[in-house]
Amino acid sequence: MYKMPAEYAPHRGTLMIWPVRPGSWGKDPRAAQAAFVRVFEAITRSEELYLLAGPDHFREAQAAVARLDRVHLLCIDSDDAWARDVGPTFVKEGDSIKGISWSFNAWGGTVDGLYADWRKDDAVARAFCEAVGLPCEDAAPFVLEGGSIHTDGEGTALVTESCLLSAGRNPAMSRQEIEAELCRRLGVEKVLWLPRGIYNDETNEHVDNVCAFVGPAQVVLAWTDDPSDPQYALSAADLDYLQSVTDARGRRLTVHKLPIPDHPILCSEEDCSSYAFEPGEDTREPGERLAASYVNFYFTNDAVLVPQFGGENAASDARACAILQELCPDRQVIGLPAREILQGGGNIHCITQQIPLSL
């Protein structure tokens with residue numbers, strides 16, 4: 001039976017996409033691209049990087065990774081750079097690996113999707129599997145994004161109700177039917193349904209921004225001690241839930257609180273003026289709170305790549321790294337500047353997708 005391994009299991013490599021969309025990365029995407037390159041560098045220390053770029057930007061991406069080893073650059077076009085959500089979800093049975101191509105509709109389709117045309121993104125998973133010679137299972141018309149699921153590799157999946165039960169994804173399916181589909185496709189036995197995600201997360205609150213496995217029966221949860229913060233009620237509801245359930249093996253979960261940045265990160269007037277939005281694309285407003293969370297980290301074979309926001313959040317950046325280093329003593333915790341990635345709407349976990357190792 002094919003099963004989705006935990007992210008902290010050994011990787012063959014990581015899938016990423018070169019960022020160019022003006023509505024996510026600005027009319028001048030060089031700052032975001034520099035942030036992506038830092039992620040490339042950290043990944044290629046211990047595993048392969050599979051980087052996708054469309055034909056119009058292929059040479060640009062090629063120049064950006066020219067000095068790096070372990071990079072496989074593929075000419076595959078996309079609408080944006082969220083590899084976690086548009087790339088395949090990989091499952092494994094023994095030495096065999098296959099990708100799952102979910103139906104992608106820009107996080108909500110005509111109900112509350114973030115852009116009007118997502119055809120290129122919806123084709124990425126199949127195109128990538130074909131390019132690297134892996135079988136691809138077509139899960140359409142079931143709508144799902146990789147950022148909306150986390151697994152422990154031992155039969156348990158984490159999701160949020162706010163995302164998977166949203167009206168723009170699979171409205172004709174019941175919660176029980178959605179859960180059965182996840183169990184069948186991912187090889188899990190139990191789905192844990194957290195109530196909420198991160199405040200103002202435009203993905204309808206993906207789980208990968210609020211809660212993640214760091215080991216069997218061990219999770220980190222985005223947290224704030226400030227009852228006046230809009231995140232407080234969301235995280236408190238998740239904590240109550242997590243303390244009331246067991247995983248697929250009957251174990252109680254140990255919940256480690258991972259505080260959000262001490263100071264909310266807001267979209268400035270300068271930030272807003274830098275975007276160029278297409279018709280039907282979700283826009284930003286000055287003063288809009290961005291969905292900043294340290295839970296949006298990524299495991300590589302030898303490290304944990306942790307978003308860092310800098311400035312007045314330098315202390316909370318360091319705190320997050322210290323907490324994760326204690327929880328992951330066998331990996332190096334690497335803090336990477338991620339303010340420019342956050343401006344696009346997600347963070348390091350959202351732009352990466354692990355490919356399991358086949359022995």
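We use all heavy atoms of the structure for the numbers below, so side chains are in, but hydrogens, waters and symmetry mates are not.
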Do L144 and S148 have side chains that approach each other closer than 4.5 Å (heavy atoms only, starting at C-beta)?
yes
Between D77 and K120 (salt bridge meaning N to carboxylate O under 4.0 Å), is one present in this structure?
yes
Counting only heavy atoms not in R30, do more than 12 sit closer than 6.0 Å to its CZ atom?
no
Do K190 and D152 sit within salt-bridge range, that is, some charged N less than 4.0 Å from a carboxylate O?
no
Side chains of W18 and E60 in contact at under 4.5 Å (non-hydrogen atoms):
yes
Are any of the side-chain heavy atoms of D112 and D282 separated by less than 4.5 Å?
no
Q218 side chain to H256 side chain, donor-acceptor N/O pair below 3.5 angstrom:
yes
Apply side-chain contact (heavy atoms from CB on, under 4.5 Å) to the pair F40 and V71, showing each step before the final yes or no.
CA-CA 9 Å; F40 300 164; V71 177; 6.0 Å; no
For H349 and D208, test the side chains for any donor-to-acceptor distance below 3.5 angstrom and give the result as yes or no.
yes
Show every ring pair (Phe, Tyr, Trp, His ring centres under 6.0 Å) that has at least one partner inside residues 168-193, sequence neighbours left out.
none
Does H206 form a side-chain hydrogen bond (donor to acceptor under 3.5 Å, both in side chains) with E145? I'd like the steps, not just the answer.
CA-CA 9 Å; H206 272 181; E145 306 92 40; 2.7 Å; yes
Applying the 4.5 Å side-chain criterion to the ILVMFWY set and letting contacts propagate, would L52 and I43 be lumped into a single cluster?
yes
For atom NZ of K3, is the number of surrounding heavy atoms from other residues, nucleotides or ligands below 6.0 Å larger than 12?
no
Which pairs pass salt bridge (Lys or Arg N to Asp or Glu O under 4.0 Å) with one or both residues in residues 335-346, sequence neighbours excluded?
D271-R339
Answer whether the closest heavy-atom distance between the side chains of V210 and D238 falls below 4.5 Å.
yes
For side-chain contact (heavy atoms from CB on, under 4.5 Å), just list the numbers for L182 and V159, CA-CA rounded to whole Å, side-chain angles, deciding distance to a tenth of an Å, and then say yes or no.
CA-CA 10 Å; L182 294 178; V159 303; 4.0 Å; yes
Nearest heavy atoms of I149 and L186, plus distance in Å:
CD1-CD1, 4.0 Å
For D80 and I17: C-alpha separation, side-chain torsions, deciding distance, then whether side-chain contact (heavy atoms from CB on, under 4.5 Å) applies.
CA-CA 8 Å; D80 207 345; I17 302 171; over 6 Å; no
For residues Q354 and R84, is any side-chain donor paired with an opposing acceptor at under 3.5 Å?
yes
Flag for N301-R331: side-chain donor and acceptor within less than 3.5 Å:
no
Quick one: does any side-chain atom of D85 pair with a main-chain N or O of G147 as donor and acceptor, under 3.5 Å?
yes
We want to know whether Y115 and D121 form a side-chain donor-acceptor pair, criterion being a heavy-atom distance below 3.5 angstrom.
yes
4.5 Å side-chain heavy-atom contact, Y8 and V304
no
Have a look at K257 and tell me which of T224, L239, V220 forms a side-chain contact (heavy atoms from CB on, under 4.5 Å) with it.
L239
Hey, is R251 close enough to E154 for a salt bridge, meaning N to O under 4.0 Å?
yes
Nearest 0.5 Å, please: how far is SG in C272 from CD in E285?
6.5 Å
With a 3.5 Å distance limit and no angle check, can you tell me whether D302 reaches the backbone of S46 through a side-chain donor-acceptor pair?
no
Under the 3.5 angstrom rule, does the side chain of R289 hit a backbone N or O of P264 as a donor-acceptor pair?
no
For E93, does the CD atom have more than 12 heavy-atom neighbours from other residues, nucleotides or ligands under 6.0 Å away?
yes
For residues I334 and R45, determine if any side-chain heavy atom of one lies less than 4.5 Å from a side-chain heavy atom of the other.
yes
Could you tell me whether the side chain of T151 and the main chain of P5 form a donor-acceptor pair under 3.5 Å?
yes
Supply the members, apart from M1, of the Ile/Leu/Val/Met/Phe/Trp/Tyr cluster built from side-chain contacts under 4.5 Å; use none for a lone residue.
none
Can any side-chain N or O of Q325 pair as donor or acceptor with the backbone N or O of C328 at less than 3.5 Å?
yes
How far apart are the closest heavy atoms of T89 and G146, and which atoms are they?
OG1-CA, 4.3 Å
Taking ILVMFWY side chains as joined if any heavy atoms are under 4.5 angstrom apart, and letting links pass through other members, which residues group with Y275?
F277
On a heavy-atom basis, the closest approach of F309 and N347 is CE2-ND2, 3.5 Å
Please determine if K98 forms a cation-pi arrangement with Y2, meaning its NZ or CZ atom is less than 6.0 Å from the six-membered ring centre and no more than 45° off the ring axis.
yes
Does one side chain, of E47 or T14, offer a donor that lies under 3.5 Å from an acceptor on the other?
yes
So, E48 and R12, do they make that salt bridge, N to O below 4.0 Å?
no
Is there a donor-acceptor pair closer than 3.5 Å between any side-chain N or O of R252 and the backbone N or O of Q243?
yes
Which heavy atom in P29 sits nearest to a heavy atom in P19, and how many Å separate them?
CB-O, 4.1 Å
Tell me who clusters with Y199, hydrophobic residues only, linked when side chains sit under 4.5 Å apart either directly or through other members.
L234
R319/D262 ion pair, N-O < 4.0 Å:
yes
Would you confirm whether R126, through its side chain, and I100, through its main-chain N or O, come within 3.5 Å as a donor-acceptor pair?
no
In the structure I gave you, are the side-chain heavy atoms of L194 and L242 within less than 4.5 Å of one another anywhere?
yes
Begin with the C-alpha distance, continue with both residues' side-chain angles, and end with the deciding distance and a verdict on salt bridge (Lys or Arg N to Asp or Glu O under 4.0 Å) for R38 and E41.
CA-CA 5 Å; R38 293 187 184 98; E41 292 168 345; over 6 Å; no
Nearest-0.5 Å distance, CG of residue N209 to CG of residue N296:
4.5 Å
Hydrophobic cluster membership, V306 vs L342, 4.5 Å side-chain cutoff:
yes
For W82 together with W118, are the ring centres under 6.0 Å from each other?
no
If the threshold is 4.0 Å, N to carboxylate O, is there a salt bridge linking R249 and D247?
no
When you measure from the side chain of E205 to the backbone of C163, do you find a donor-acceptor pair of N or O atoms at a distance under 3.5 Å?
no
Transitive ILVMFWY side-chain link Y298 to M4, under 4.5 Å
no
Does any N or O in the side chain of D122 come within less than 3.5 Å of the main-chain N or O of F104, such that one atom is a donor and the other an acceptor?
yes
When you look at T156 and V188, which way does the side-chain contact (heavy atoms from CB on, under 4.5 Å) test go after all the steps?
CA-CA 6 Å; T156 310; V188 297; over 6 Å; no
Could you give all pairs that pass the ring pair (Phe, Tyr, Trp, His ring centres under 6.0 Å) test and reach residues 52-74, with sequence neighbours left out?
Y50-H72
Give the minimum heavy-atom separation between E281 and E278, together with the two atoms involved.
OE1-N, 2.8 Å
Could you check whether N105 and W107, counting side-chain N and O atoms only, form a donor-acceptor pair closer than 3.5 Å?
no
Do V39 and M16 have side chains that approach each other closer than 4.5 Å (heavy atoms only, starting at C-beta)?
yes
Over all atoms of both residues, closest heavy-atom pair of I97 and S358:
CD1-CB, 3.7 Å
Please answer whether the main-chain N or O of S174 pairs with a side-chain N or O of E177 as donor and acceptor at a distance below 3.5 Å.
yes
